[in-house]
Participant: 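If you scroll down you'll find the structure; I have some questions about it.
When a ligand or atom number is given, it counts from 1 through the structure's own listing order.
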Amino acid sequence: MTVTPETGRWEALAAARTRADVGEGIASVLALLGIPDLISFAGGFPDPKTFPRERMSALLQEFAAAGEVSAFQYAPTGGLAGPRDALADRLERLQGRRPADDELLITSGGIEALELVTKSYLDPGDVVVVEAPTYLGAIQAFRSFEAKLVAVSMDQDGLEVDELEHLLAAGLRPKLLYSIPDHQNPAGVSLSGERRAPLVELARRYGFLIVEDVAYRELGFAADTFPSLWSLAPDVVVQAGTTSKTMFPGIRLGWAVGPPDIAARLVSTKQNTDQCAGALGQRLFEESARRGWLDEQVALSRALYERKAARLLAALERSMPEGAHWTRPQGGFFSWLTLPDGADSVDLAQRAVEQGVGIVPGTLFFPDGRGANTVRLSFSLVDEALIDDGIARLGALL
Ligand SMILES: Cc1ncc(COP(=O)(O)O)c(C=O)c1O
């Protein structure tokens with residue numbers, strides 16, 4: 001018998017933990033989002049206009065001309081010394097704390113940092129607290145290690161730390177808490193400054209580890225930022241970072257910083273995942289950071305995304321019906337739309353595709369089936385000139 005995806009011959013052999021599925025409605029919407037010529041508010045991809053093509057090309061030529069070996073060779077599991085140092089410098093400058101050498105490792109993207117934490121710390125049935133809603137990739141990572149997910153609500157100021165405190169007081173005992181405190185994916189809000197210290201205090205009191213995902217932290221539209229959770233409490237926080245949104249995702253480069261015993265365990269876990277992050281990407285990052293190119297790129301990206309966000313918000317203002325409301329992002333890639341009562345976002349997404357518009361139903365971002373009337377709108381990749389038209393079509397459907 002020929003094995004094709006249609007016959008599904010190997011399905012019966014798949015590990016049970018890989019079979020968790022997203023539901024038929026959502027799967028059919030996701031399948032439709034790939035069609036060409038869609039005005040797509042769906043993916044969380046960076047705008048290719050921000051990619052530093054010429055500079056990367058110049059660096060590759062430099063490496064070759066200099067006879068460089070390290071960019072082309074295997075790297076130590078925790079990362080090459082130069083890129084580690086450039087990253088530590090950057091974290092010190094942007095977050096006010098320099099990780100010690102034994103607190104840091106370079107990963108193959110932010111998602112690998114999450115994967116290493118889950119693989120190293122979760123047994124089946126362990127409790128992980130997540131924000132409601134949260135990043136789909138994290139839900140999948142935690143699920144693939146058979147964790148039990150508990151979703152705690154968010155409001156305009158991010159995770160509702162009071163609600164978390166009540167749950168803990170009532171006996172909830174998570175091993176991990178996963179948070180995206182800055183310009184959250186998908187909600188487009190940030191954890192307020194006032195909630196940050198109480199959150200890390202809860203981690204100390206109840207003995208859980210906070211996994212802080214800072215994927216969008218550097219992409220705030222204004223210069224001011226709240227202190228990172230890791231800088232507030234390096235004893236109870238492991239931070240997962242990425243260069244995917246600031247530099248470009250093609251190098252799959254990120255980091256994890258945390259308490260030394262955790263960093264050591266992650267390095268040892270990484271030895272039997274991919275052994276090391278690609279050295280070429282590490283060297284491109286190091287040179288871009290050292291030469292100030294990355295800062296320049298981030299400044300241009302912030303301005304571009306701020307303009308796109310403003311255009312999206314103005315279009316929503318014009319086109320959404322009464323009873324709809326949405327978040328007003330101060331950075332990142334997303335706004336979170338809540339539809340009037342009774343609206344069904346899976347149905348809306350299907351009808352939107354027929355009108356040439358891509359959106360992602362919000363239920364996907366909850367581990368517990370909530371969010372039937374919510375939608376994630378991404379403004380990062382959509383062509384600026386098409387935003388008004390796309391939102392007008394969506395408004396007409398509502
Ligand atoms: C919150 C969040 N964390 C991590 C990632 C993944 O980053 P990377 O491309 O570095 O794996 C993303 C990408 O969409 C994200 O939105």
Side-chain angles (χ1 to χ4, degrees), residues 30 33 40-48 50-51 79 83 87 90 105-119 128 130-144 149 151 154 158-159 176-191 210-220 228-230 237-257 266 270 273-274 277-278 281-282 284-285 288 294 298 301 305 327 329 331-336 360 362 364-367 376-382:
L30 293 178
L33 293 176
S40 181
F41 300 98
F45 285 27
D47 190 325
T50 65
F51 296 162
L87 177 62
R90 195 167 169 80
L105 65 144
I106 291 187
T107 61
S108 301
I111 194 70
E112 197 212 6
L114 299 180
E115 175 91 5
L116 292 175
V117 174
T118 25
K119 204 169 169 186
V128 178
V130 298
E131 293 163 332
T134 190
Y135 169 48
L136 179 60
I139 294 180
Q140 287 171 332
F142 299 136
R143 281 226 170 108
S144 69
L149 299 186
M154 298 177 77
L159 181 73
L176 305 179
L177 175 139
Y178 172 69
S179 172
I180 310 159
D182 308 292
H183 318 299
Q184 206 244 19
N185 176 11
V189 298
S190 293
L191 183 66
I210 296 177
V211 182
E212 175 188 38
D213 186 332
V214 291
Y216 302 92
R217 180 176 171 85
E218 291 178 39
L219 292 176
S228 70
L229 299 176
W230 168 72
V237 178
V238 58
Q239 178 178 96
T242 176
T243 59
S244 288
K245 320 292 174 174
T246 48
M247 216 171 135
F248 57 99
I251 44 173
R252 310 297 304 126
L253 198 74
W255 67 87
V257 287
L266 301 187
K270 190 169 169 57
T273 58
D274 65 352
Q282 295 189 43
L284 293 173
F285 164 78
S288 302
L294 186 51
V298 168
S301 299
Y305 296 132
T327 57
F333 286 3
F334 311 101
S335 172
W336 183 250
V360 186
L364 204 57
F365 305 100
F366 294 88
R376 188 186 76 174
L377 294 173
S378 167
F379 51 82
S380 57
L381 184 62
V382 63

Participant: For Phe41, enumerate each residue passing the ring-ring contact (aromatic ring centres under 6.0 Å, His included) test, keeping only those at least two apart in sequence or located in another chain.
Facilitator: none

Participant: Under a 4.5 Å cut-off applied to non-hydrogen side-chain atoms, are Gln184 and Asp213 in contact?
Facilitator: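 No, their side chains stay 4.5 Å or more apart.
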
Participant: State, to 0.1 Å, how close Ile106 and Gly79 come at their nearest heavy-atom pair, and which atoms those are.
Facilitator: CB-CA, 4.1 Å

Participant: I'd like to know if the side chain of Thr273 pairs up with that of Glu112 as donor and acceptor (distance under 3.5 Å, no hydrogens or angles considered).
Facilitator: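 Judged by distance alone, the side chains do pair up.
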
Participant: Dump all N/O pairs between ligand 1 and the protein below 3.5 Å as a table: atom names plus distance, one pair per row.
Facilitator:
residue  : atom   : partner : partner atom : Å
ligand 1 : 3 (N)  : Asp213  : OD1          : 3.3
ligand 1 : 3 (N)  : Asp213  : OD2          : 2.6
ligand 1 : 9 (O)  : Ser244  : OG           : 2.7
ligand 1 : 9 (O)  : Arg252  : NH1          : 2.8
ligand 1 : 10 (O) : Gly110  : N            : 2.6
ligand 1 : 10 (O) : Thr242  : OG1          : 2.5
ligand 1 : 10 (O) : Ser244  : OG           : 3.1
ligand 1 : 11 (O) : Gly110  : N            : 3.3
ligand 1 : 11 (O) : Ile111  : N            : 3.0
ligand 1 : 11 (O) : Arg252  : NH2          : 2.9
ligand 1 : 14 (O) : Lys245  : NZ           : 2.8
ligand 1 : 16 (O) : Asn185  : ND2          : 2.8
ligand 1 : 16 (O) : Tyr216  : OH           : 2.6

Participant: How would you list, by chain and number, every residue that makes a salt bridge (Lys or Arg N to Asp or Glu O under 4.0 Å) with Lys245, sequence neighbours excluded?
Facilitator: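 Testing Lys245 for salt bridge (Lys or Arg N to Asp or Glu O under 4.0 Å), a comparison that skips the adjacent residues, returns none.
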
Participant: Check ring-ring contact (aromatic ring centres under 6.0 Å, His included) between Tyr305 and all other residues, then give those that pass, not counting sequence neighbours.
Facilitator: Phe333

